[in-house]
2 protein chains.
Amino acid sequence: MDVVDSELHLVAAGRLRTAGQRFTANRRALVDVLADTPRPLAVHDILSIRADLPQSSAYRNLMVLEHAGVVRRVSGADGFARFELAEDLMGHHHHLVCSSCGSVQDFDAPPQLERAVARTAERVAVETGFGIRDHHLQLTGLCAACSR
Amino acid sequence: MDVVDSELHLVAAGRLRTAGQRFTANRRALVDVLADTPRPLAVHDILSIRADLPQSSAYRNLMVLEHAGVVRRVSGADGFARFELAEDLMGHHHHLVCSSCGSVQDFDAPPQLERAVARTAERVAVETGFGIRDHHLQLTGLCAACSR
DNA sequence: CTTTCTGCAAACGATTTGCAGCAGC
DNA sequence: GCTGCTGCAAATCGTTTGCAGAAAG
(Lines give C-alpha, C1' and ligand atoms only; values in the text may rest on other atoms or scores of the structure.)
Protein backbone atom coordinates (compact mmCIF):
# COMPACT_ATOMS: atom_id res chain seq x y z
CA MET A 1 0.00 0.00 0.00
CA ASP A 2 1.60 3.24 -1.09
CA VAL A 3 1.17 6.76 0.21
CA VAL A 4 -1.70 7.55 -2.13
CA ASP A 5 -3.61 4.50 -0.95
CA SER A 6 -3.19 5.30 2.70
CA GLU A 7 -4.30 8.86 2.03
CA LEU A 8 -7.35 7.51 0.27
CA HIS A 9 -8.08 5.35 3.29
CA LEU A 10 -7.78 8.32 5.61
CA VAL A 11 -10.16 10.39 3.52
CA ALA A 12 -12.63 7.52 3.26
CA ALA A 13 -12.44 6.87 6.99
CA GLY A 14 -13.01 10.55 7.70
CA ARG A 15 -16.05 10.83 5.46
CA LEU A 16 -17.55 7.68 6.92
CA ARG A 17 -16.97 8.94 10.45
CA THR A 18 -18.66 12.21 9.58
CA ALA A 19 -21.63 10.17 8.38
CA GLY A 20 -21.62 8.22 11.69
CA GLN A 21 -20.22 5.09 10.05
CA ARG A 22 -17.17 2.90 10.56
CA PHE A 23 -14.43 2.07 8.08
CA THR A 24 -14.58 -1.72 8.28
CA ALA A 25 -12.66 -4.38 6.39
CA ASN A 26 -15.48 -4.92 3.88
CA ARG A 27 -15.69 -1.23 3.14
CA ARG A 28 -11.94 -0.97 2.80
CA ALA A 29 -12.05 -3.87 0.33
CA LEU A 30 -14.65 -2.06 -1.79
CA VAL A 31 -12.66 1.16 -1.82
CA ASP A 32 -9.51 -0.72 -2.78
CA VAL A 33 -11.16 -2.58 -5.64
CA LEU A 34 -12.62 0.64 -7.04
CA ALA A 35 -9.32 2.48 -6.62
CA ASP A 36 -7.53 -0.20 -8.63
CA THR A 37 -9.77 0.02 -11.71
CA PRO A 38 -9.88 2.77 -14.33
CA ARG A 39 -13.57 2.26 -15.02
CA PRO A 40 -16.82 1.96 -13.07
CA LEU A 41 -17.59 -1.56 -11.89
CA ALA A 42 -20.90 -3.39 -11.69
CA VAL A 43 -21.60 -5.24 -8.46
CA HIS A 44 -21.10 -8.46 -10.34
CA ASP A 45 -17.59 -7.36 -11.33
CA ILE A 46 -16.72 -6.41 -7.78
CA LEU A 47 -17.90 -9.75 -6.48
CA SER A 48 -15.86 -11.68 -9.01
CA ILE A 49 -12.74 -9.73 -8.01
CA ARG A 50 -13.42 -10.21 -4.31
CA ALA A 51 -15.37 -13.44 -4.07
CA ASP A 52 -15.21 -13.37 -0.28
CA LEU A 53 -17.59 -10.38 -0.11
CA PRO A 54 -21.20 -11.44 0.37
CA GLN A 55 -23.55 -9.78 -2.12
CA SER A 56 -25.79 -8.20 0.44
CA SER A 57 -22.90 -6.59 2.28
CA ALA A 58 -21.46 -5.30 -0.97
CA TYR A 59 -24.76 -3.65 -1.90
CA ARG A 60 -25.29 -2.33 1.59
CA ASN A 61 -21.79 -0.94 1.89
CA LEU A 62 -21.81 0.62 -1.56
CA MET A 63 -24.91 2.48 -0.48
CA VAL A 64 -23.21 3.61 2.72
CA LEU A 65 -20.11 4.70 0.82
CA GLU A 66 -22.23 6.53 -1.73
CA HIS A 67 -24.11 8.33 1.01
CA ALA A 68 -20.83 9.27 2.70
CA GLY A 69 -19.52 10.76 -0.55
CA VAL A 70 -16.76 8.20 -1.06
CA VAL A 71 -18.32 6.39 -3.99
CA ARG A 72 -20.43 7.50 -6.91
CA ARG A 73 -23.13 5.51 -8.69
CA VAL A 74 -23.01 5.57 -12.48
CA SER A 75 -25.90 4.30 -14.57
CA GLY A 76 -24.58 2.34 -17.53
CA ALA A 77 -26.28 1.49 -20.81
CA ASP A 78 -27.48 -1.89 -19.58
CA GLY A 79 -29.64 -1.91 -16.46
CA PHE A 80 -26.75 -2.65 -14.07
CA ALA A 81 -25.68 -0.15 -11.43
CA ARG A 82 -21.98 0.66 -11.65
CA PHE A 83 -19.76 2.27 -9.06
CA GLU A 84 -16.56 4.31 -9.02
CA LEU A 85 -14.76 6.45 -6.45
CA ALA A 86 -16.17 9.95 -6.01
CA GLU A 87 -14.80 12.47 -8.51
CA ASP A 88 -12.74 14.41 -5.97
CA LEU A 89 -10.93 11.17 -5.12
CA MET A 90 -10.58 9.91 -8.71
CA GLY A 91 -10.11 13.10 -10.69
CA HIS A 92 -12.64 14.54 -13.10
CA HIS A 93 -13.20 12.39 -16.18
CA HIS A 94 -15.81 11.24 -18.66
CA HIS A 95 -17.18 7.94 -19.94
CA LEU A 96 -17.09 5.90 -23.09
CA VAL A 97 -20.01 3.44 -23.10
CA CYS A 98 -20.35 0.40 -25.34
CA SER A 99 -23.96 0.14 -26.47
CA SER A 100 -23.53 -3.54 -27.21
CA CYS A 101 -21.95 -4.99 -24.08
CA GLY A 102 -22.56 -2.09 -21.68
CA SER A 103 -18.94 -1.79 -20.61
CA VAL A 104 -17.71 1.63 -19.55
CA GLN A 105 -14.25 3.16 -19.91
CA ASP A 106 -12.90 6.43 -18.53
CA PHE A 107 -11.42 9.20 -20.64
CA ASP A 108 -10.31 12.81 -20.14
CA ALA A 109 -11.45 15.87 -22.02
CA PRO A 110 -9.17 18.74 -23.02
CA PRO A 111 -9.37 21.93 -20.93
CA GLN A 112 -10.92 23.87 -23.78
CA LEU A 113 -13.86 21.47 -23.84
CA GLU A 114 -14.16 21.58 -20.07
CA ARG A 115 -14.37 25.35 -20.19
CA ALA A 116 -17.02 25.28 -22.90
CA VAL A 117 -19.08 22.80 -20.86
CA ALA A 118 -18.74 24.93 -17.74
CA ARG A 119 -20.00 28.01 -19.58
CA THR A 120 -22.99 26.14 -20.93
CA ALA A 121 -23.75 24.64 -17.52
CA GLU A 122 -23.84 28.08 -16.02
CA ARG A 123 -26.17 29.38 -18.70
CA VAL A 124 -28.49 26.38 -18.34
CA ALA A 125 -28.54 26.77 -14.56
CA VAL A 126 -29.77 30.33 -14.88
CA GLU A 127 -32.34 29.41 -17.52
CA THR A 128 -33.82 26.43 -15.71
CA GLY A 129 -33.43 27.06 -11.99
CA PHE A 130 -31.43 23.85 -11.66
CA GLY A 131 -28.59 23.89 -9.13
CA ILE A 132 -25.93 22.20 -11.23
CA ARG A 133 -23.37 20.26 -9.26
CA ASP A 134 -21.44 18.45 -11.87
CA HIS A 135 -21.30 17.47 -15.50
CA HIS A 136 -20.41 14.43 -17.42
CA LEU A 137 -19.88 13.73 -21.09
CA GLN A 138 -20.86 10.33 -22.40
CA LEU A 139 -19.66 8.99 -25.75
CA THR A 140 -21.63 6.00 -26.97
CA GLY A 141 -20.62 3.43 -29.54
CA LEU A 142 -19.12 0.01 -29.99
CA CYS A 143 -16.03 -0.99 -28.06
CA ALA A 144 -13.13 -2.56 -29.89
CA ALA A 145 -14.19 -6.06 -28.83
CA CYS A 146 -17.85 -5.67 -29.87
CA SER A 147 -17.17 -4.06 -33.26
CA ARG A 148 -15.12 -7.05 -34.37
CA MET B 1 -52.93 15.71 -35.58
CA ASP B 2 -50.84 18.20 -37.54
CA VAL B 3 -48.49 17.70 -40.45
CA VAL B 4 -45.47 17.09 -38.26
CA ASP B 5 -47.28 14.35 -36.35
CA SER B 6 -48.42 12.59 -39.46
CA GLU B 7 -44.89 12.76 -40.83
CA LEU B 8 -43.65 11.24 -37.59
CA HIS B 9 -46.18 8.47 -37.98
CA LEU B 10 -45.05 7.80 -41.52
CA VAL B 11 -41.42 7.59 -40.50
CA ALA B 12 -42.24 5.34 -37.54
CA ALA B 13 -44.39 3.08 -39.71
CA GLY B 14 -41.62 2.85 -42.29
CA ARG B 15 -38.95 1.91 -39.78
CA LEU B 16 -41.19 -0.67 -38.19
CA ARG B 17 -42.02 -2.16 -41.57
CA THR B 18 -38.30 -2.37 -42.38
CA ALA B 19 -37.88 -4.31 -39.14
CA GLY B 20 -40.74 -6.63 -40.13
CA GLN B 21 -43.12 -5.10 -37.61
CA ARG B 22 -46.53 -3.45 -37.75
CA PHE B 23 -47.50 0.04 -36.64
CA THR B 24 -50.36 -0.84 -34.34
CA ALA B 25 -52.56 1.34 -32.15
CA ASN B 26 -50.51 0.60 -29.02
CA ARG B 27 -47.29 1.56 -30.75
CA ARG B 28 -48.83 4.70 -32.16
CA ALA B 29 -49.93 5.60 -28.63
CA LEU B 30 -46.38 5.21 -27.32
CA VAL B 31 -44.92 7.33 -30.11
CA ASP B 32 -47.53 10.02 -29.51
CA VAL B 33 -46.91 10.17 -25.78
CA LEU B 34 -43.16 10.47 -26.30
CA ALA B 35 -43.60 13.08 -29.04
CA ASP B 36 -45.69 15.21 -26.70
CA THR B 37 -43.11 15.41 -23.91
CA PRO B 38 -39.88 17.40 -23.89
CA ARG B 39 -38.15 14.91 -21.63
CA PRO B 40 -37.54 11.15 -21.45
CA LEU B 41 -40.31 9.22 -19.72
CA ALA B 42 -40.11 6.23 -17.40
CA VAL B 43 -42.52 3.39 -18.14
CA HIS B 44 -44.41 4.36 -15.02
CA ASP B 45 -44.93 7.86 -16.44
CA ILE B 46 -46.13 6.53 -19.76
CA LEU B 47 -48.61 4.24 -18.06
CA SER B 48 -50.05 7.03 -15.96
CA ILE B 49 -50.55 9.16 -19.07
CA ARG B 50 -52.10 6.28 -20.99
CA ALA B 51 -53.67 4.06 -18.36
CA ASP B 52 -55.28 1.88 -21.01
CA LEU B 53 -51.91 0.46 -22.08
CA PRO B 54 -51.09 -2.81 -20.32
CA GLN B 55 -47.63 -2.80 -18.77
CA SER B 56 -46.36 -5.81 -20.60
CA SER B 57 -47.36 -4.43 -23.98
CA ALA B 58 -45.74 -1.11 -23.17
CA TYR B 59 -42.46 -2.79 -22.29
CA ARG B 60 -42.63 -5.12 -25.27
CA ASN B 61 -43.48 -2.36 -27.71
CA LEU B 62 -40.86 0.01 -26.37
CA MET B 63 -38.34 -2.73 -27.05
CA VAL B 64 -39.66 -3.18 -30.56
CA LEU B 65 -39.60 0.57 -31.19
CA GLU B 66 -36.09 0.82 -29.82
CA HIS B 67 -34.94 -1.99 -32.04
CA ALA B 68 -36.58 -0.34 -35.07
CA GLY B 69 -34.75 2.92 -34.32
CA VAL B 70 -37.85 4.92 -33.46
CA VAL B 71 -37.22 5.18 -29.73
CA ARG B 72 -34.10 5.54 -27.63
CA ARG B 73 -33.52 4.19 -24.13
CA VAL B 74 -31.95 6.62 -21.68
CA SER B 75 -30.57 5.45 -18.35
CA GLY B 76 -31.50 7.96 -15.67
CA ALA B 77 -29.94 8.57 -12.26
CA ASP B 78 -32.39 6.26 -10.48
CA GLY B 79 -32.60 2.69 -11.70
CA PHE B 80 -35.62 3.30 -13.96
CA ALA B 81 -35.40 2.92 -17.73
CA ARG B 82 -36.52 6.05 -19.55
CA PHE B 83 -37.49 6.46 -23.18
CA GLU B 84 -37.58 9.25 -25.74
CA LEU B 85 -37.94 9.45 -29.51
CA ALA B 86 -34.76 8.69 -31.47
CA GLU B 87 -32.48 11.69 -31.91
CA ASP B 88 -33.09 12.06 -35.62
CA LEU B 89 -36.81 12.40 -34.88
CA MET B 90 -36.45 14.64 -31.82
CA GLY B 91 -33.40 16.73 -32.69
CA HIS B 92 -30.04 16.47 -30.99
CA HIS B 93 -30.12 17.57 -27.36
CA HIS B 94 -28.69 16.92 -23.92
CA HIS B 95 -30.01 16.12 -20.45
CA LEU B 96 -30.32 17.81 -17.12
CA VAL B 97 -30.74 15.18 -14.39
CA CYS B 98 -31.98 15.81 -10.87
CA SER B 99 -29.93 13.71 -8.48
CA SER B 100 -32.64 13.89 -5.87
CA CYS B 101 -35.82 12.90 -7.70
CA GLY B 102 -34.28 11.41 -10.84
CA SER B 103 -36.28 13.57 -13.23
CA VAL B 104 -34.70 14.42 -16.57
CA GLN B 105 -35.13 17.54 -18.68
CA ASP B 106 -33.86 18.26 -22.20
CA PHE B 107 -31.62 21.17 -23.13
CA ASP B 108 -29.62 22.30 -26.15
CA ALA B 109 -25.92 23.09 -26.34
CA PRO B 110 -24.47 25.94 -28.41
CA PRO B 111 -22.77 25.01 -31.70
CA GLN B 112 -19.35 25.90 -30.36
CA LEU B 113 -19.70 23.28 -27.63
CA GLU B 114 -21.03 20.73 -30.10
CA ARG B 115 -17.98 21.27 -32.29
CA ALA B 116 -15.61 20.90 -29.33
CA VAL B 117 -17.32 17.66 -28.32
CA ALA B 118 -17.15 16.33 -31.87
CA ARG B 119 -13.41 17.00 -32.02
CA THR B 120 -12.80 15.23 -28.73
CA ALA B 121 -14.97 12.30 -29.76
CA GLU B 122 -12.90 11.88 -32.88
CA ARG B 123 -9.65 11.96 -30.93
CA VAL B 124 -10.94 9.46 -28.36
CA ALA B 125 -12.18 7.13 -31.12
CA VAL B 126 -8.68 6.98 -32.60
CA GLU B 127 -7.04 6.49 -29.22
CA THR B 128 -9.33 3.75 -27.95
CA GLY B 129 -10.56 1.84 -30.99
CA PHE B 130 -14.14 2.63 -30.04
CA GLY B 131 -16.56 3.24 -32.91
CA ILE B 132 -18.31 6.30 -31.55
CA ARG B 133 -21.87 6.72 -32.70
CA ASP B 134 -23.15 9.53 -30.64
CA HIS B 135 -22.50 11.74 -27.65
CA HIS B 136 -24.48 13.13 -24.85
CA LEU B 137 -23.78 15.70 -22.20
CA GLN B 138 -25.35 15.23 -18.81
CA LEU B 139 -25.58 17.99 -16.22
CA THR B 140 -26.40 16.75 -12.74
CA GLY B 141 -27.80 18.72 -9.84
CA LEU B 142 -30.98 19.58 -8.01
CA CYS B 143 -34.06 20.56 -9.95
CA ALA B 144 -35.96 23.69 -8.94
CA ALA B 145 -38.53 21.63 -7.04
CA CYS B 146 -36.00 19.55 -5.09
CA SER B 147 -33.72 22.43 -4.12
CA ARG B 148 -36.56 24.21 -2.35
C1' DC C 1 -55.01 -18.41 -43.54
C1' DT C 2 -50.68 -17.15 -41.73
C1' DT C 3 -48.00 -14.18 -39.09
C1' DT C 4 -47.74 -10.82 -35.74
C1' DC C 5 -49.68 -8.55 -31.62
C1' DT C 6 -52.11 -8.46 -27.25
C1' DG C 7 -53.03 -9.01 -22.38
C1' DC C 8 -53.00 -11.84 -18.60
C1' DA C 9 -50.42 -14.10 -15.24
C1' DA C 10 -46.33 -16.26 -13.98
C1' DA C 11 -41.22 -16.04 -14.02
C1' DC C 12 -36.90 -13.56 -13.64
C1' DG C 13 -33.14 -11.25 -11.62
C1' DA C 14 -30.91 -7.28 -9.67
C1' DT C 15 -31.34 -5.11 -5.46
C1' DT C 16 -33.15 -4.54 -0.72
C1' DT C 17 -34.36 -5.93 3.84
C1' DG C 18 -35.36 -8.71 8.47
C1' DC C 19 -33.04 -10.79 11.75
C1' DA C 20 -29.85 -13.19 14.91
C1' DG C 21 -25.18 -13.21 15.99
C1' DC C 22 -20.47 -10.71 15.83
C1' DA C 23 -17.32 -6.70 16.15
C1' DG C 24 -15.76 -1.98 17.07
C1' DC C 25 -15.51 1.67 20.34
C1' DG D 1 -22.42 -3.02 27.13
C1' DC D 2 -24.22 -0.33 23.50
C1' DT D 3 -24.39 0.58 18.72
C1' DG D 4 -23.40 -0.57 14.39
C1' DC D 5 -21.91 -4.33 11.00
C1' DT D 6 -22.29 -8.90 8.92
C1' DG D 7 -24.19 -12.67 6.31
C1' DC D 8 -27.73 -15.58 5.45
C1' DA D 9 -32.14 -16.19 3.47
C1' DA D 10 -36.42 -14.24 2.23
C1' DA D 11 -38.89 -10.38 0.18
C1' DT D 12 -39.29 -6.61 -3.30
C1' DC D 13 -40.14 -4.69 -7.55
C1' DG D 14 -38.95 -3.25 -12.27
C1' DT D 15 -38.83 -5.90 -16.19
C1' DT D 16 -39.32 -10.05 -19.19
C1' DT D 17 -41.66 -14.08 -20.98
C1' DG D 18 -45.15 -18.14 -22.08
C1' DC D 19 -49.23 -18.78 -23.90
C1' DA D 20 -53.93 -18.75 -25.83
C1' DG D 21 -56.82 -15.81 -28.25
C1' DA D 22 -57.46 -11.42 -31.32
C1' DA D 23 -56.00 -8.63 -35.20
C1' DA D 24 -53.54 -7.34 -39.34
C1' DG D 25 -52.53 -8.21 -44.06
Side-chain angles (χ1 to χ4, degrees), chain A residues 9-10 12-31 33 40-68 70-83 101-104, chain B residues 9-10 12-31 33 40-68 70-83 101-104:
Chain A
H9 284 183
L10 284 176
R15 292 191 188 172
L16 283 168
R17 178 163 312 231
T18 299
Q21 303 281 346
R22 296 168 188 163
F23 192 38
T24 62
N26 278 351
R27 293 172 186 178
R28 203 176 338 259
L30 289 170
V31 168
V33 169
L41 293 178
V43 174
H44 173 83
D45 301 325
I46 296 174
L47 295 179
S48 62
I49 294 172
R50 287 293 305 259
D52 56 311
L53 295 176
Q55 249 195 11
S56 66
S57 294
Y59 277 109
R60 203 147 24 193
N61 286 325
L62 284 167
M63 256 163 82
V64 169
L65 289 166
E66 184 189 10
H67 198 257
V70 176
V71 152
R72 173 163 96 122
R73 180 189 298 251
V74 173
S75 46
D78 45 15
F80 298 52
R82 286 164 193 272
F83 297 86
C101 69
S103 70
V104 182
Chain B
H9 285 183
L10 285 175
R15 293 191 187 171
L16 283 168
R17 177 163 313 230
T18 299
Q21 303 282 346
R22 297 170 187 160
F23 192 39
T24 62
N26 277 352
R27 293 172 187 178
R28 203 176 339 257
L30 289 171
V31 168
V33 169
L41 292 179
V43 174
H44 173 82
D45 302 324
I46 296 174
L47 294 179
S48 62
I49 294 172
R50 287 295 304 257
D52 57 310
L53 296 176
Q55 249 194 10
S56 67
S57 296
Y59 277 109
R60 201 145 29 193
N61 286 325
L62 285 167
M63 258 164 81
V64 169
L65 289 167
E66 185 189 9
H67 198 256
V70 176
V71 152
R72 173 163 95 121
R73 181 188 297 250
V74 173
S75 46
D78 45 14
F80 298 52
R82 285 163 192 273
F83 296 87
C101 68
S103 69
V104 183

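Lettering follows sequence order; numbering is per chain, from 1.
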Contacts of type ring pair (Phe, Tyr, Trp, His ring centres under 6.0 Å), residue F23(A), not counting sequence neighbours: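 In terms of ring pair (Phe, Tyr, Trp, His ring centres under 6.0 Å), with neighbours along the sequence ignored, F23(A) is linked to H9(A).
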Which whole-number value in Å describes the distance from [X] [atom1] to [N] [atom2]?
X      : N      : atom1 : atom2 : result
L53(A) : dG7(D) : CG    : P     : 8 Å
L65(A) : dC5(D) : CG    : C1'   : 13 Å
Q21(B) : dT3(C) : CD    : C1'   : 11 Å
H67(A) : dC5(D) : NE2   : P     : 13 Å
L62(B) : dG7(C) : CG    : C1'   : 16 Å

Enumerate the protein-to-nucleotides 23-25 of chain C contacts in which both atoms are nitrogen or oxygen and the separation is below 3.5 Å.
none

B/S/- contact track for nucleotides 12-19 of chain C, protein heavy atom under 4.0 Å: --SBBBBB
N26(A) vs dG7(D): side-chain N/O to OP1/OP2 distance below 4.0 Å: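 Affirmative; the distance criterion is met.
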dC5(C) phosphate, OP1 or OP2, under 4.0 Å from N61(B) side-chain N/O: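 Checking dC5(C) against N61(B), no side-chain N or O comes under 4.0 Å of OP1 or OP2.
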V104(B), I49(B), V74(B) screened by side-chain contact (heavy atoms from CB on, under 4.5 Å) with L41(B), the one that passes: I49(B)
Gap separating the CG atom of L30(A) from the CG atom of L53(A), nearest 0.5 angstrom: 5.5 Å
Mind listing the side-chain donor-acceptor pairs of residues 54-65 of chain A below 3.5 Å, one per line with the distance, residues two or more places apart or on another chain?
residue	atom	partner	partner atom	Å
N61(A)	OD1	R27(A)	NE	2.7
N61(A)	OD1	R27(A)	NH2	3.2
N61(A)	ND2	S57(A)	O	3.1

Partner set under side-chain hydrogen bond (donor to acceptor under 3.5 Å, both in side chains) for R50(A), not counting sequence neighbours: D52(A)
Residues that R17(A) engages under salt bridge (charged side-chain N to carboxylate O under 4.0 Å, His left out), provided they are two or more places apart: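 Testing R17(A) for salt bridge (charged side-chain N to carboxylate O under 4.0 Å, His left out), a comparison that skips the adjacent residues, returns none.
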